[in-house]
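Accompanying notes for the structure given below.
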Amino acid sequence: MSKWQLSETFRSTSGEVRWGSLGDPGQDPVVLLHGTPFSSYVWRAVARALARRHQVFVWDMPGYGVSEKSAGQDVSLAAQGRVFTELLAHWGLEEPLVVAHDFGGAVSLRAHLLHGARYRALALVDPVALSPWGTPFFRLVGEHSEVFEQLPPALHHALVREYISSASSPGLHPVVLDRLIQPWLGDLGQAAFYRQIAQADQLHTDEVQDRYGEIGFPTLVCWGQDDTWLPMEKGRELTARIPGARLEPIAGAGHLVQEDAPAELTAALTAFLQYPL
């Protein structure tokens with residue numbers, strides 16, 4: 001489970017991005033976007049399954065996973081939307097299929113509505129898209145990030161472990177949990193963890209949420225029915241705002257659907273991406 005590497009690099013306006021691709025070049029392209037505080041690693045099972053019929057592009061956002069983490073780095077949703085648009089141009093993808101989870105949902109929506117990125121179809125998985133969002137813990141840290149940054153490493157480790165664990169309904173495999181925690185450890189990782197929360201501004205979804213009615217491509221909204229980070233009701237509301245969108249509830253899954261119900265999510269995505277029109 002721990003074997004997941006991104007071998008390619010791209011110098012974006014927010015720092016170096018690590019990325020990779022699976023599947024044969026020339027196949028229908030699919031781009032996967034992760035959320036926070038995660039990385040492309042959460043997509044490993046789904047990516048490998050989709051690569052049977054697609055060329056799958058995965059990447060770690062600046063400030064996440066194995067991509068660059070640096071003091072003063074802009075890792076806001078506004079920055080990530082620009083970076084995603086830059087990456088699509090770098091890859092030469094004019095109208096790919098896109099699958100986006102959590103913050104990645106907001107990134108994909110901003111890239112389309114504000115930066116002109118075009119998709120053939122979009123699947124949103126428990127996305128950050130409608131206000132209000134953020135768990136009580138997330139909001140507390142955002143308001144006092146300078147205090148949390150000073151936590152002793154052992155306490156920080158315990159806090160991150162508990163927080164990431166809460167994204168799963170049945171619970172994460174210990175190896176998976178360790179892998180998700182690892183990028184946030186050490187001086188560089190700890191600072192990056194609180195930096196990305198401090199820069200998470202709800203204004204960045206407020207800017208676009210009244211424009212979801214402009215979306216003109218096929219859209220699927222998948223949602224873990226046991227999500228305690230973003231309730232199922234948000235999925236219903238979002239689906240109603242996007243013309244022709246369809247809601248796919250995923251039973252037994254929390255916010256981290258890729259880990260809780262990978263087979264069910266893959267089945268839903270495969271059916272949608274194969275026949276998006």
- Distance-only, no hydrogens or angles: does the Trp43 side chain make a donor-acceptor pair with backbone N or O of Val58 under 3.5 Å? no
Q) Is there a donor-acceptor pair closer than 3.5 Å between any side-chain N or O of Thr270 and the backbone N or O of Ala267? A) no
Side-chain heavy-atom pair Met61, Val107 within 4.5 angstrom cut-off: yes
Quick note, side-chain hydrogen bond (donor to acceptor under 3.5 Å, both in side chains) partners involving residues 84-95, not counting sequence neighbours, are Thr13-Glu86
Sorted by chain and number, sequence neighbours left out, side-chain contact (heavy atoms from CB on, under 4.5 Å) with Thr9 holds for Glu16, Arg18
- Does a donor on one side chain and an acceptor on the other come within less than 3.5 Å for Asp126 and His101? no
The ring-ring contact (aromatic ring centres under 6.0 Å, His included) partners of Tyr64 (sequence neighbours excluded) come to His34, Trp184
Residue pairs passing the side-chain hydrogen bond (donor to acceptor under 3.5 Å, both in side chains) test with at least one member in residues 20-32, sequence neighbours excluded, are Asp28-Arg120
Do the two ring centres, one from Tyr194 and one from His156, sit under 6.0 Å apart?
yes
Those residues at least two apart in sequence (or on a different chain) that pass side-chain contact (heavy atoms from CB on, under 4.5 Å) with Ala79 are Ser14, Asp74, Ser76, Arg82
Notebook entry, point to check: How about Arg53: does its CZ atom have over 12 heavy atoms from other parts shown lying under 6.0 Å from it?
Noted result: no
side-chain contact (heavy atoms from CB on, under 4.5 Å) filter on Pro170, not counting sequence neighbours, yields Ser168, Asp260
For Arg52, is the CZ atom crowded, meaning more than 12 foreign heavy atoms sit under 6.0 Å from it? no
Before accepting this row, confirm whether a basic side-chain N of the pair Lys234/Asp227 lies closer than 4.0 Å to the acidic partner's carboxylate O.
-> no
Applied to residues 162-171, the salt bridge (charged side-chain N to carboxylate O under 4.0 Å, His left out) test, sequence neighbours excluded, yields none
Taking everything shown except Gln5 itself, do over 12 heavy atoms lie less than 6.0 Å from its CD? no
Here the gap from Leu185 atom CG to Asp178 atom CG, rounded to the nearest 0.5 Å, amounts to 9.0 Å
Polar side-chain atom of Gln190 near backbone of Leu151 as donor-acceptor pair, under 3.5 Å = yes
| Can you check whether Val75's main-chain N or O pairs, donor with acceptor, with Gln199's side chain at less than 3.5 Å? | yes
Could you check whether any side-chain N or O of Ser70 sits under 3.5 Å from a backbone N or O of Gln73, counting only pairs where one atom can act as donor and the other as acceptor?
no
Applied to residues 262-273, the salt bridge (charged side-chain N to carboxylate O under 4.0 Å, His left out) test, sequence neighbours excluded, yields none
Item checked: Trp59 and Ser40: CA distance, side-chain angles, deciding distance, side chain to side chain donor-acceptor pair (under 3.5 Å) verdict -> CA-CA 6 Å; Trp59 60 296; Ser40 62; over 6 Å; no
Does the pair Leu273 and Val99 meet the rule for a side chain to side chain contact (heavy atoms under 4.5 Å, CB included), with working shown? CA-CA 9 Å; Leu273 297 174; Val99 181; 4.1 Å; yes
Exercise. Below 4.0 angstrom, N of the basic side chain to O of the carboxylate: do Glu214 and Arg241 qualify?
Worked result: no
Those residues at least two apart in sequence (or on a different chain) that pass side chain to side chain donor-acceptor pair (under 3.5 Å) with Ser165 are none
Report yes or no: does His54 contribute a side-chain atom to a donor-acceptor pair with the main-chain N or O of Val56 at less than 3.5 Å? no
Sorted by chain and number, sequence neighbours left out, side-chain contact (heavy atoms from CB on, under 4.5 Å) with Val208 holds for Arg110, Leu113, Leu114, Tyr212
Given the options Trp229, Tyr163, Phe103, His255 meets ring-ring contact (aromatic ring centres under 6.0 Å, His included) only with Trp229
Those residues at least two apart in sequence (or on a different chain) that pass ring-ring contact (aromatic ring centres under 6.0 Å, His included) with Phe217 are His112, Tyr119
Sequence neighbours excluded, the answer for ring-ring contact (aromatic ring centres under 6.0 Å, His included) partners of Trp223 is none
